[in-house]
Structures are given as C-alpha cells and as structure tokens.
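Below is one structure, written out as structure tokens, with a few remarks after it.
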Amino acid sequence: MAMEDSNSLIEQRRAKLAALRARGIDPFRNKFTPTETCAEARTHYAEGREVAVAGRITAHRDMGKSMFLDVRDQTGRLQVYAQKNVLGDELFDVFRHLDLGDFIGAKGTLFTTRTGEISIKLTSFVILAKALRPPPEKWHGLADTEIRYRQRYLDLMSNPEVKEVFLKRSRIITEIRNFLAARGFVEVETPMMQAIPGGAAAKPFKTHHNALGCDFYLRIALELYLKRLLVGGIDRVFEIGRNFRNEGLSRKHNPEFTMLEAYQAYGDYETMMELVQSMICHVAQQVLGTLRIEHKDAAGNVTRTIDLTPPWRRIKYKDIVRERAGADWFEISPEQRRERAVALGAEIAKEYEDFEVTQAVFEKLIEPTLIHPTFVTHAPKELIPLAKLSPEDPSTVEVFECCINGQEIAPAYTEQNDPIEQRERLEHQAGGEQQKLDEDFLIALEHGMPPAGGMGMGIDRLCMMLLGQESIRDVILFPQLKPK
RNA sequence: GGGUUGGUAGCUCAGUCGGUAGAGCAGCGGCCUUUUAAGCCGUUGGUCCGGGGUUCGAGUCCCCGCCAACCCA
C-alpha cells in the first residue's frame, strides 16, 4: 500500500511514534524475552508469581488512575492491570497512550481480580512494536471478505475462529506426516517445473526459463515423478505439495492447491482403501478428538453431520449409477442413456462420449449426495488411464474414488506398471486434446516398476470436510484473487 | 463466460420519495484505582469504488468500467 494512503488515525499514530522517540523511548525494540506464553501464565497460576509476557494489545479499559489492557499472543489473552502509583506519573502516561494493535512486553505479578479473572499486576513494560494503522473493529471482527482474503493477517488478528481453522490445518498436515512416517513412508520433493505436465488431465500454467532457453509448465500432479521413485526402489513414498491448474476458480477450486500423493509397492487399490480410511480417522481423532464431524451455519445450527466411523461404505461405480439412474442403465442404448441423463437433470454436452455421459450423472447427481465416506470402486477404464484393469470386469479398472462431504477427497488405483499397456492408454487418453507423452516416464516403466497402490488426496478439501468450511478460500491462507 | 447481490468514516453498518452525510466501535479531550463489548460527558473524522449521463439538485435514477461474494456454465 502506498505511503500516501493515509488518514487522521494513521497521522495520529505517527505523531505518537514521534512523541515516544522524543521521550527517548524506542518503539521498535529488538528483543524482549517473555518467561512464558499468556496461556502458560494462566495455567500455572500462583498468586504473586512474577511473570513476563509479550503480545499485541487488543482492548483497553481506562479507569483513570488505573487501567486494564488485554494482551494477546498466539496462545490466548491475558489481562494486564496498570496502576499510576506503581508505574509513576510519566510511565503511566506512556502506558495510557498505547494504541490497540501495539505490541508490548509486560512484567508483573499474577493476581485474580474481583470478577475472577487471572491478570498481571504490572510492574514494568516495554513497547515492542508500535502499530501505525488501526486494527479492525473489536466486536464484529473483520467481515469484508475481500479484506479478509487480501490482508489475511487482519482476519487472523481479529477473528479467532479463523485463526483456529489455520492452526488446525497445520495439525492435520502434521498428523498426515506422522501417520505415513509410522508406516515407513518416505517423504520426498519432486519438480514443480516440468517440461511435460502429466499425471492428470488439466490445463497447466506456463513459464519460461531464461538460462535454459525453454518453457516449463507448473506441475498439475505429483504422480509421474513419484512412480519414477518406485522404479528407483523407494517402495513407500509420498509428497505433500502444491499443484497448479490453469482453470476456473470456485468455492471448490483454487488455481494452486495442496495435494498428498502416496505410493506403496506391492500394494493395490484395496491396500490404499485401508490406508485412506485409517489415515483420515487418525487425523480426525488426533486433531478433532472425534469421528463425527459437524458442519454448522452462521447461526451455529448443525447443517450436516459426517460420520467417519469405519468401516466405510464400498460400492462399485456401476452399482451406484444403477441405484440413481436405473437398474437397466448399462443395458439401454447410448442414445437412451443420453436422454435419461438429461431427464435426470445432468448437463450433457454434444461431444460427450458414452462413458462421459455416465460420468456426468455420477459427478452431478451422485457425488454431491455422498456425505458420509464412500469408496466408489471399479470406475470405467476410459476414465483413468494410469490404473490397471480389473480381472473380474476388464471394462473397469482397479480404482476407488473416496467421496466425503459430497466431494471427491481421494482417488486411488492399482497402478499401471505395464509400460506397453501404459503407452497405449496414455495415447488414447480421454478428454480430447492429446497431451505430449512423457517419454522419460515410459522409459522408467520399461525399467520395471513394482506393482503398487497409489493414492492422491486433496488436502484443501480434506480440511474443508474436517473443519466445516464451505469454501476452499477459508482453508487457504492467501487464496488467489485478482490483483487490485 | 452468464446471472444475482454488494462496495458509504479506520472497522461494523443505516441512509425513506432525488433535497445540507448518520449511528456504534475505534480515535481525541475530560471524570473514574478490580474493569472486561467497562461506564458517563464532550468531540474529530467522508474522493459515498471509478468514469460518464439525466436533473435546478444524485450516496439514491440511467449507462460503462473495476473489485468481491454467491449461483450457473
């Protein structure tokens, strides 16, 4: 923001800053070491115990010759009580002119007020950082969605429930790592800049490398590099990282989003089913302490309850389609399927192939209804070119889509490891535009990749499900917005 | 890309039929040494998102644009 962006409040604070300096006070101290956090001071309460805490001033109640301040750090709030006869006239005057948003370090002794609140009786304080701009309003918090997203720090400082979401997101990812590490998975990092973006059907972002004199694409999936590592002998491997897809933005889509992919040699899609179920239950139990997830509306009424208690429902793709679209769905003619899909309310584009008509029915009419965890297995082979055919029904592949909260959360396959088969499937990949083949990936397969199960999981959507957020922007700290 | 809603003080929001721009919080000044959305008294603060148009007169009506949220594609 430009320097000339100013108003009377900012000017007043700048004047206060100058006044502090004129009194020989440094309003931006290099260091102050608290003895503990606000929460710790509260937990380890003992009347008269000396403590030093640091944090941001979030409220003040001026009583004349004494004054209450709320100081907040990451762990919570602690009330500070200052008295004129303790600090002396001059320091008390400085204290009285502190602003909401300023950081201070406060030393004093713990006591409990008449109303029962644990507080610090101040003996001394230092200003650690002067805030030159006013914080958002204290009671309503920050409501303007645009400011909340563009200046997330304001959202975090004034809306505690928003901060809670992001602290929990961090713990979710930590628990995913703990779970996978306990099972012997190795975490790796693979290229985000790729000459040929593969592993999914999505439009990539393009960038240019000056020294190499060539274009690269930002990755759209992790898959093909992780499989190279299976070839290389890392039998249990995973990566948590950002994917980039140059497509529309919505409540469910951000151009960059976080993906977990994990591969296990000598496993298959059923191995991954157990992995996904156990992992999500582990995370929910560790972070939320429950397997029953409640989503609430703005008024606090429960709008949806998701029950993660295992075992999760398993159903074949064809069976769930038959449930919704008619038992004879796969017996009628493609033209009839098309007509019925439209009658059921699915949007069917002219150029759709037959399997895409069925997929549209699945995506529009079935997936949104899958609130409790459901493994939809054995999708038609045309949909997924990187999976192995099912021996019992070779028109389908050994895959599942794990749907929770009406969204795809985690797809998984028995991974294709036949290089000749793989080449053919990629060459005939569904979706129209022929993407360039990643020849190096196919060469890697020709060196031999062990049979393996693989899974991907949209971390943002997982967080939405677990944390009861209806928009992906509310689980991404800095969602993509158009520059102003 | 299409539709709907919104953009007014630092923040949260009112603003009637087109007729001098409002409140609460925050700020500033005063009173108050256990308050906690502290209280009481006084008070400052506006490019009404931007640009055109209609009109004697536009925050308000019309057109174009920008940004955001939601819905649809």
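What you are looking at is a predicted structure, and each value in this text was computed from that prediction instead of being measured. Per chain, numbering begins at 1; letters A, B, ... match sequence-line order.
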Worksheet item: Of A:W139 and A:E347, whose closest RNA chain B nucleotide lies nearer the 5' terminus?
Response: A:W139
Response to the item:
5'-most contact on RNA chain B (nearest-nucleotide basis), A:M63 vs A:A59, goes to A:M63
Does [X] place a side-chain N or O at less than 4.0 Å from the phosphate oxygens OP1/OP2 of [N]?
| X | N | answer |
| --- | --- | --- |
| A:H97 | B:G29 | yes |
| A:R251 | B:C71 | yes |
| A:K138 | B:A26 | yes |
| A:R61 | B:G39 | no |
| A:K484 | B:C67 | no |
| A:R96 | B:C32 | no |

Contact class for [X] vs. all strands (heavy atom < 4.0 Å): base, sugar-phosphate, or nothing?
| X | result |
| --- | --- |
| A:D70 | nothing |
| A:K121 | base |
| A:R13 | nothing |
| A:L481 | sugar-phosphate |
| A:G141 | sugar-phosphate |
| A:S471 | sugar-phosphate |
| A:L9 | base |
| A:Y149 | sugar-phosphate |
| A:R77 | base |

[X] side-chain proximity, nearest of [options]:
| X | options | result |
| --- | --- | --- |
| A:L142 | B:A26, B:C11, B:G10 | B:C11 |
| A:S119 | B:A68, B:U35, B:U12 | B:U35 |
| A:E137 | B:G24, B:U33, B:C70 | B:G24 |
| A:D144 | B:A26, B:U12, B:G45 | B:U12 |
| A:K16 | B:C28, B:U35, B:A26 | B:C28 |
| A:Q83 | B:U34, B:U33, B:C13 | B:U33 |
| A:T113 | B:A68, B:C70, B:U36 | B:U36 |

Is any N or O donor-acceptor pair between the side chain of [X] and the base of [N] shorter than 3.5 Å?
| X | N | answer |
| --- | --- | --- |
| A:T115 | B:U34 | no |
| A:N85 | B:U33 | yes |
| A:R114 | B:U34 | no |
| A:E117 | B:U35 | no |

Interatomic distance at [atom1], [N] relative to [M], whole Å:
| N | M | atom1 | answer |
| --- | --- | --- | --- |
| B:G3 | B:G59 | P | 28 Å |
| B:A9 | B:U4 | C1' | 28 Å |
| B:G7 | B:A26 | P | 25 Å |
| B:C40 | B:G22 | P | 23 Å |
| B:C63 | B:G42 | C1' | 46 Å |

Looking at [N], which nucleotide sits across from it as a Watson-Crick or G-U wobble partner, both distances under 3.5 angstrom, or is there none?
| N | value |
| --- | --- |
| B:U4 | B:A69 |
| B:G10 | B:C25 |
| B:G18 | none |
| B:G39 | B:C31 |

Fill in: A:D328 and A:R340 ion-paired at < 4.0 Å
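A salt bridge is present here (some side-chain N lies under 4.0 Å from a carboxylate O).
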Worksheet item: Is A:K252 salt-bridged to A:E408, cutoff N-O under 4.0 Å?
Response: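 Salt bridge absent between A:K252 and A:E408.
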Item to complete: Anything under 30° is parallel, anything over 60° is perpendicular, the rest tilted; go ahead and classify A:Y81 against A:F111.
Response: tilted
Practice prompt. For the pair A:R242 (side chain) and A:R219 (backbone), establish whether a donor and an acceptor sit closer than 3.5 Å, ignoring hydrogens and angles.
Written response: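 It does not hold such a pair.
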Item to complete: Flag yes if more than 12 heavy atoms outside A:R49 fall under 6.0 Å of its CZ atom; otherwise flag no.
Response: yes
Worksheet item: Are A:Y413 and A:Y269 an aromatic pair by the rule of ring centers under 6.0 Å?
Response: no
Worksheet item: Could you go step by step and tell me if A:L466 and A:R169 meet the side chain to side chain contact (heavy atoms under 4.5 Å, CB included) rule?
Response: CA-CA 9 Å; A:L466 289 174; A:R169 176 180 170 127; over 6 Å; no
Worksheet item: Side chains of A:R304 and A:N405: is there a donor and an acceptor less than 3.5 Å apart?
Response: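 Their side chains do contain a donor-acceptor pair, which is all the 3.5 Å distance test asks for.
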